[in-house]
Amino acid sequence: MKKLFGGINLTWTKIILFAILSGVYTAIISLIPNLTYTSFNTITTTFEVWILFGILIIMNSKSPKDSALKCFIFFLISQPLVYLVQDAITNSHLFITYYRFWILWTIACIPMGYIGYYMKKDKWWGYLILFPILLMVLESYADYLSNFIFSYPYYLLITLFCALTMIIYPIYIFNNKKIRIVGTVISTLAIIVMTIVVFMNRPTYETVILCSGEEYTITEDTNAYLEDDKYGTLNIKYDEGFESYCVYSRFIKAGKTKMIIETNDGSKRIFNIDIKRSTYELDEVKND
């Protein structure tokens, strides 16, 4: 492990190859529908894996300038490829739509790579350089732990990845024993506290499922419920915006169950519902 954090001869050829492989891999992952709500897809949306790549580049660079340039070139190649590969395969326009956000982070890699190199000086202020990065990873840890609780067993790998990297970074970036110990203790305590906070504020997904209209008739006397209440609860409320009664959900768990809408005359309409972290799929069960 220690060789990864400073023992690699990181040539420009390796940087370019690493960037190409990272960009193409991320693009391919984003195109696989079955991976959308899993740990594998998180590389397409959040920073924690890219942070690891950046730190490995910094730790294997030979000077602040070398670190800044290699970080910049790595992200200058990898990030456009993520969108360009998708555009080539799906005929989409993601590069034009989304890369303007990533170009700002790519430019920011120049000062971040330059400053980050000074973590190698093995001083206390080096840990202060690392600390904002740890906070970013901690935020991702909280988000993905919440997703894991809601969508068990999905997001387990990325949750563990965030926790492990927070502990690994102080241990393998620094040689100073005191910095390593203090850094590890701080990361461990932060993980414990955040875990408690997330479990005390368990995730929910609240949304409007459907409203009364031409296709569905919903009144204040309508009863809506899930076949298995472990997934959450439904209730009927009048919505001022829609100017009609609607079915509101409070989901507490991802999974598949049935939603039943029962009118006051006893008739029922049954729907298959597939609940995900921030969306759902609804399909009415038709009677033959």
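Just so we're clear, the structure is a prediction, and the values are computed from it rather than from any experiment.
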Tell me, do [X] and [Y] make a side-chain contact under 4.5 Å, heavy atoms counted?
| X | Y | answer |
| --- | --- | --- |
| Arg277 | Tyr205 | yes |
| Ser249 | Met259 | no |
| Leu81 | Tyr25 | no |
| Lys14 | Asn9 | yes |
| Leu56 | Leu10 | no |
| Thr42 | Phe47 | no |
| Glu139 | Asp143 | yes |
| Glu48 | Leu52 | no |

In the single-linkage hydrophobic clustering (I, L, V, M, F, W, Y; side-chain heavy atoms under 4.5 Å), do [X] and [Y] co-cluster?
| X | Y | value |
| --- | --- | --- |
| Val49 | Ile8 | yes |
| Phe75 | Ile103 | yes |
| Tyr37 | Ile252 | no |
| Trp125 | Ile179 | yes |
| Leu84 | Trp105 | yes |

Would you say the side-chain atoms of [X] pair up with the backbone N or O of [Y], donor to acceptor, closer than 3.5 Å?
| X | Y | answer |
| --- | --- | --- |
| Ser67 | Ser63 | no |
| Asp221 | Thr263 | no |
| Ser78 | Gly23 | no |
| Asp274 | Lys256 | no |
| Ser39 | Ile158 | yes |

Point to revise | Between Gln86 and Ser30: side-chain donor-acceptor atoms closer than 3.5 Å | key: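 The answer is yes; a qualifying pair exists.
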Check your understanding: Would you say the side-chain atoms of Asp87 and Ser92 include a donor-acceptor pair closer than 3.5 Å?
Key ->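 Distance-only check passes for Asp87 and Ser92.
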Check your understanding: Between Glu281 and Lys276, is there a salt bridge with N-O shorter than 4.0 Å?
Key ->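 Looking at Lys276 and Glu281, the cut-off is met.
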Fit a plane to each ring of [X] and [Y], take the angle between them on a 0 to 90° scale, and name the class: parallel (under 30°), tilted (30 to 60°) or perpendicular (over 60°).
| X | Y | answer |
| --- | --- | --- |
| Tyr155 | Tyr144 | parallel |
| Trp50 | Phe74 | tilted |
| Phe148 | Tyr152 | perpendicular |

In residues 181-191, what donor-acceptor pairs under 3.5 Å come from side-chain atoms, sequence neighbours left out?
| residue | atom | partner | partner atom | Å |
| --- | --- | --- | --- | --- |
| Thr184 | OG1 | Arg180 | O | 2.6 |
| Ser187 | OG | Met166 | O | 2.8 |
| Ser187 | OG | Gly183 | O | 3.2 |
| Thr188 | OG1 | Thr184 | O | 2.7 |

Under 3.5 Å, which donor-acceptor pairs do the side chains of residues 231-246 form with other protein atoms, sequence neighbours left out?
| residue | atom | partner | partner atom | Å |
| --- | --- | --- | --- | --- |
| Asp239 | OD1 | Gly241 | N | 2.8 |
| Asp239 | OD1 | Phe242 | N | 2.8 |
| Asp239 | OD2 | Tyr248 | OH | 2.4 |

**Study point:** Atom CZ of Phe40: over 12 foreign heavy atoms under 6.0 Å
**Key:**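 Count not over threshold, so no.
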Practice item. Would you check, one step at a time, whether the test side chain to side chain contact (heavy atoms under 4.5 Å, CB included) holds for Phe251 with Ile209? Key: CA-CA 11 Å; Phe251 297 127; Ile209 301 294; 3.8 Å; yes
Point to revise | Aromatic contact, Phe161 with Tyr141 (centres under 6.0 Å) | key: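 When the ring centroids of Phe161 and Tyr141 are compared, they turn out to be at least 6.0 Å apart.
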**Study point:** Qualifying salt bridge (charged side-chain N to carboxylate O under 4.0 Å, His left out) pairs with a residue from residues 33-42, counting only residues at least two apart or across chains
**Key:**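 Non-adjacent pairs meeting salt bridge (charged side-chain N to carboxylate O under 4.0 Å, His left out): zero.
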**Study point:** Phe271: ring-ring contact (aromatic ring centres under 6.0 Å, His included) partners, not counting sequence neighbours
**Key:**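 In terms of ring-ring contact (aromatic ring centres under 6.0 Å, His included), with neighbours along the sequence ignored, Phe271 is linked to Tyr216.
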**Study point:** ring pair (Phe, Tyr, Trp, His ring centres under 6.0 Å) contacts in which one or both residues fall within residues 162-186, not counting sequence neighbours
**Key:**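 Counting only pairs at least two positions apart or across chains, the ring pair (Phe, Tyr, Trp, His ring centres under 6.0 Å) contacts touching residues 162-186 are Phe5-Tyr172.
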Throw together a table of side-chain donor-acceptor distances under 3.5 angstrom for residues 114-121, partners on residues two or more places apart or in other chains.
| residue | atom | partner | partner atom | Å |
| --- | --- | --- | --- | --- |
| Tyr117 | OH | Lys62 | O | 3.1 |
| Lys120 | NZ | Met59 | O | 3.1 |
| Lys120 | NZ | Ser61 | O | 2.8 |

